[in-house]
Number of protein chains: 2
Amino acid sequence: MAGKRSGARKKRSQQAESTPQLRSEPPLSLERIIATAVDLLDTHGVDGLTMRRLADRLGSGVMSLYWHVDNKERVFDLALDAVLAFREPAPRGEALDWRADVVHMLEDWRASMLRHPWSASLLPRRTLGPNILNRLELLSRTLSKAGVIEANMNVAIWSLWNYVMGATITRASFDRSIDDLAAAQQALTRLSAHYPTIESTRLLLDSDWDGVFRKGLDFLLDGLAPKT
Amino acid sequence: MAGKRSGARKKRSQQAESTPQLRSEPPLSLERIIATAVDLLDTHGVDGLTMRRLADRLGSGVMSLYWHVDNKERVFDLALDAVLAFREPAPRGEALDWRADVVHMLEDWRASMLRHPWSASLLPRRTLGPNILNRLELLSRTLSKAGVIEANMNVAIWSLWNYVMGATITRASFDRSIDDLAAAQQALTRLSAHYPTIESTRLLLDSDWDGVFRKGLDFLLDGLAPKT
DNA sequence: ACCTGAACACCGTTCAAGT
DNA sequence: ACCTGAACACCGTTCAAGT
C-alpha cells in the first residue's frame, strides 16, 4: 500500500518502512529551496539547475516549489543575491585609507563570485537584489567620503563595476575549463603564423589573474582619485 | 499526393502547387544556417534560438541542420564569431598615435557587440573563435609597437579585455530593459532609507554609458602606457 | 552527399485537486 | 496554508532510413 506504483519517482525517504514520518525531510521553505539551488548550481553549473532536479533533492514534488516561488527566473534571482551577501565591516575611524577600503570591498566581491563560478555572468543580466544594492551603496559612500564629488560619482562606480564584472566573468569561465584552455593554446601554437604576437606571450596560459586584477584596478583608482 | 499528411509541420513553400521546385528555398549551407541563427538571436534573444525554430525559418527539417553542424553549442560559437569580424584598417604610417588606434579598436569591438546584444555575455564563456583571436592579435601588435614590453603585455591585454567585456555586458543588459530599469529606480527611491547615496545620484538612470566607457578606458591606458 | 520523421529523454508551467 | 500528479507544449539529439 505504501508503494503505490513501482515506476514512481523515487524519493530519498524510505518507501515501505515502519515509521515513514520519522527522520523525513524538513518541510519546504524558501530558504531550503534557495540553499539547495545554490548547491545545485555550484556542482552542476547554470544548466544543471532544473526545477525537477531541485524538487528531487528536496524530496518533494516539482509543483510544490511553485507555492514558494513564482518561477525558475525567481530562483535564479534569489540564489544570486544569496551568494552576494556582504557583512559590512565595523565602521572604523574616519580619516583612514579609503583606497584600501575600496580595494578590499571589490576583492571581497570578486572572491564571493569566484566561489560560485556561475554567479558572475548571471549578475549583469538580472535585476539587482538587495545585497548587490547594499554593496553599491557602501562603495558609493566610501568614494564620497574620499572626496569624489557627486558629478563624478556615477562614472566612478560604473567604471569600477565594469572592471570587476569583466575580470570576474572572464576569470570564472577561463577557470572552468583548464583543459580546453591548454587545447586552445595548442591550437594557437599550430596557428602561430596567424597570431604570432599573442602566441609568443602565451596569452591564454601565462596569466596571473589575481595580479592582473589588482594592477588594472590600481590604474583605474589612480584615474578616479580626486585630484588634490 | 503532394500533401502527404495534413498535420505535417507547415513549410513556407507551397504544398500542393503546380511547380513545387520553383521559387523554393535555396539549399542549406553553413552560411545560411549561421546567418539565420544571428537573425533569430537578434530578434528573440538568447533563449529564442532553438534548433526547431531555426529549421522552420530555413524551411527544412530539424535534423537536416545536424548534417552541417555538430550540435547547438556549435551554432552559438559560429554565430558569435560571425558577429565579431573585424576589417583590419589599412596599416597607416608608422609613428602615429597608438593610443587613438587602441581606442578605435576597442570602440569598434564594443559597437559590434552592442549591435547584437546577446553576444557580449556569450563571448567569455565560449572558446575564442578566429575573429576574436584576430582582434587580440591586432591589439597586442599595437601595444607592442607602442613600446609595451613583453613582460607587461598580458597584464595590459587582459585589463583592457576585462574592462571592455564588463562595460559591454553591463550596457547591453541594462539597455534591454529600460522599463525594468525605471521600475528598479522607483523601487530604489522607495527604499531611499536603505540606499540613500546611490539613490540620490540616480545611479540606475543617469548614466552616460559611452562617456563612462571612454573615461574608464582613458584611466586604464594612462596606467598601461609605457613610461617615457 | 544531403535530408528526413519517429522516438526518447528531458524541460517549465497550468490546472484542478487533495489535505 | 501547503502540497500533489496529470497533462500540455515545448526542448536537443539518436537512430534508422530515404534520395
Side-chain angles (χ1 to χ4, degrees), chain A residues 1-13 15 20-21 24-34 36-37 40-41 44-79 118 122 126, chain B residues 1-13 15 20-21 24-34 36-37 40-41 44-79 118 122 126:
Chain A
M1 199 167 233
K4 33 186 149 183
R5 197 161 21 84
S6 66
R9 211 173 259 280
K10 62 179 179 304
K11 309 201 175 170
R12 293 209 324 293
S13 51
Q15 270 197 330
Q21 245 62 287
S24 83
E25 308 280 352
L28 276 185
S29 71
L30 195 54
E31 277 142 48
R32 273 190 78 224
I33 292 176
I34 299 309
T36 311
L40 223 39
L41 286 163
H44 293 100
V46 155
D47 294 333
L49 177 58
T50 272
M51 295 306 266
R52 287 171 145 97
R53 243 198 271 198
L54 188 50
D56 250 27
R57 279 248 191 143
L58 290 160
S60 78
V62 202
M63 294 317 297
S64 313
L65 301 175
Y66 285 83
W67 195 89
H68 301 266
V69 107
D70 275 355
N71 47 36
K72 194 187 176 184
E73 300 292 297
R74 188 78 184 131
V75 177
F76 272 123
D77 285 343
L78 292 173
W118 47 273
L122 223 53
R126 320 226 125 241
Chain B
M1 200 167 236
K4 33 184 150 185
R5 197 160 26 80
S6 66
R9 213 171 257 278
K10 63 180 178 306
K11 310 203 175 171
R12 294 210 323 292
S13 52
Q15 269 198 330
Q21 245 60 290
S24 84
E25 308 280 352
L28 277 185
S29 71
L30 195 52
E31 277 142 48
R32 272 190 78 224
I33 292 176
I34 299 308
T36 311
L40 224 38
L41 286 163
H44 294 100
V46 155
D47 294 332
L49 178 58
T50 273
M51 295 306 266
R52 287 170 144 97
R53 243 199 272 199
L54 188 51
D56 250 27
R57 279 250 190 139
L58 290 160
S60 78
V62 201
M63 294 317 298
S64 313
L65 301 175
Y66 286 82
W67 196 89
H68 300 267
V69 108
D70 276 356
N71 47 35
K72 194 186 176 184
E73 301 291 298
R74 189 77 184 130
V75 177
F76 271 123
D77 284 343
L78 292 173
W118 47 273
L122 223 53
R126 320 227 124 241

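Computed from a prediction, not measured in an experiment: that's the story for all the values here. Below, chain A is the first sequence line, B the second, and so on; all start at residue 1.
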Close N/O contacts between protein and nucleotides 13-19 of chain C (under 3.5 Å):
{"residue": "C:dT13", "atom": "OP2", "partner": "A:Y66", "partner atom": "OH", "Å": "2.7"}
{"residue": "C:dT13", "atom": "OP2", "partner": "A:K72", "partner atom": "N", "Å": "3.1"}

Exercise. Looking only at non-hydrogen atoms, find the nearest pair between B:F76 and B:L122 and report the distance.
Key: CD2-CD2, 3.5 Å
Quiz prompt | Interatomic distance where CZ belongs to B:R53 and C1' belongs to D:dC11 [whole Å] | solution = 11 Å
Exercise. Look at A:S60 and D:dC3 and indicate whether a side-chain polar atom (N or O) is within less than 4.0 Å of OP1 or OP2.
Key: no
Exercise. Taking all non-hydrogen atoms of both residues into account, name the closest pair between A:A37 and A:V75 and its distance.
Key: CB-CG1, 3.8 Å
Quiz prompt | Proximal nucleotide (of D:dC3, D:dC11, C:dC2) relative to the B:W67 side chain | solution = C:dC2
Self-check item: For B:R126, salt bridge (Lys or Arg N to Asp or Glu O under 4.0 Å) partners two or more places apart
Solution: B:E73, B:D77
Practice problem: Provide, to the nearest angstrom, the distance between the CG atom belonging to A:D56 and the P atom belonging to C:dG12. | Solution: 12 Å
Practice problem: Please report the C-alpha distance between A:L58 and A:L65 in whole Å, then the side-chain angles of each, then the deciding distance to 0.1 Å, and finally whether the side chain to side chain contact (heavy atoms under 4.5 Å, CB included) criterion is met. | Solution: CA-CA 9 Å; A:L58 290 160; A:L65 301 175; 3.8 Å; yes
Exercise. Specify the separation, in whole Å, of atom CD1 of A:I33 and atom C1' of D:dC2.
Key: 11 Å
Quiz item: Rounded to whole angstroms, how far apart are CG on B:L49 and C1' on D:dC11?
Solution: 12 Å
Quiz item: What integer distance in Å separates A:L54:CG from C:dC10:P?
Solution: 17 Å
Exercise. Grab the stems for DNA chain C, please: at least three consecutive Watson-Crick or wobble pairs, both distances below 3.5 Å, written as range with range.
Key: C:4-8 with D:12-16, C:12-16 with D:4-8
Quiz item: Which whole-number value in Å describes the distance from A:F76 CZ to C:dC11 C1'?
Solution: 13 Å
Exercise. Taking all heavy atoms of A:L28 and all of A:S60, pick out the closest pair and write down the distance.
Key: CD1-OG, 3.8 Å
Exercise. Would you please confirm or rule out a distance under 4.0 Å between OP1 or OP2 of C:dT4 and any side-chain N or O of B:S64?
Key: yes
Quiz prompt | Distance (rounded to the nearest 0.5 Å) between A:K72 NZ and A:L54 CG | solution = 9.5 Å
Quiz item: Given C:dC3, is OP1 or OP2 found less than 4.0 Å from the side-chain N or O atoms of B:H68?
Solution: yes
Exercise. Indicate the atoms forming the closest heavy-atom contact of B:V69 with B:M51, along with that distance.
Key: CG1-CE, 4.3 Å
Quiz prompt | Spacing of the P atoms in C:dA17 and D:dC2 (rounded, Å) | solution = 22 Å
Practice problem: Quickly, which of A:L40, A:D47, A:V46, A:L41 forms a side chain to side chain contact (heavy atoms under 4.5 Å, CB included) with A:H44? Name it, please. | Solution: A:L40
Quiz item: In whole Å, what is the span from the CG atom of B:D47 to the P atom of C:dC11?
Solution: 16 Å
Quiz item: Applying the side chain to side chain contact (heavy atoms under 4.5 Å, CB included) test to B:T36, which of B:E31, B:R53, B:R57 qualifies?
Solution: B:R57
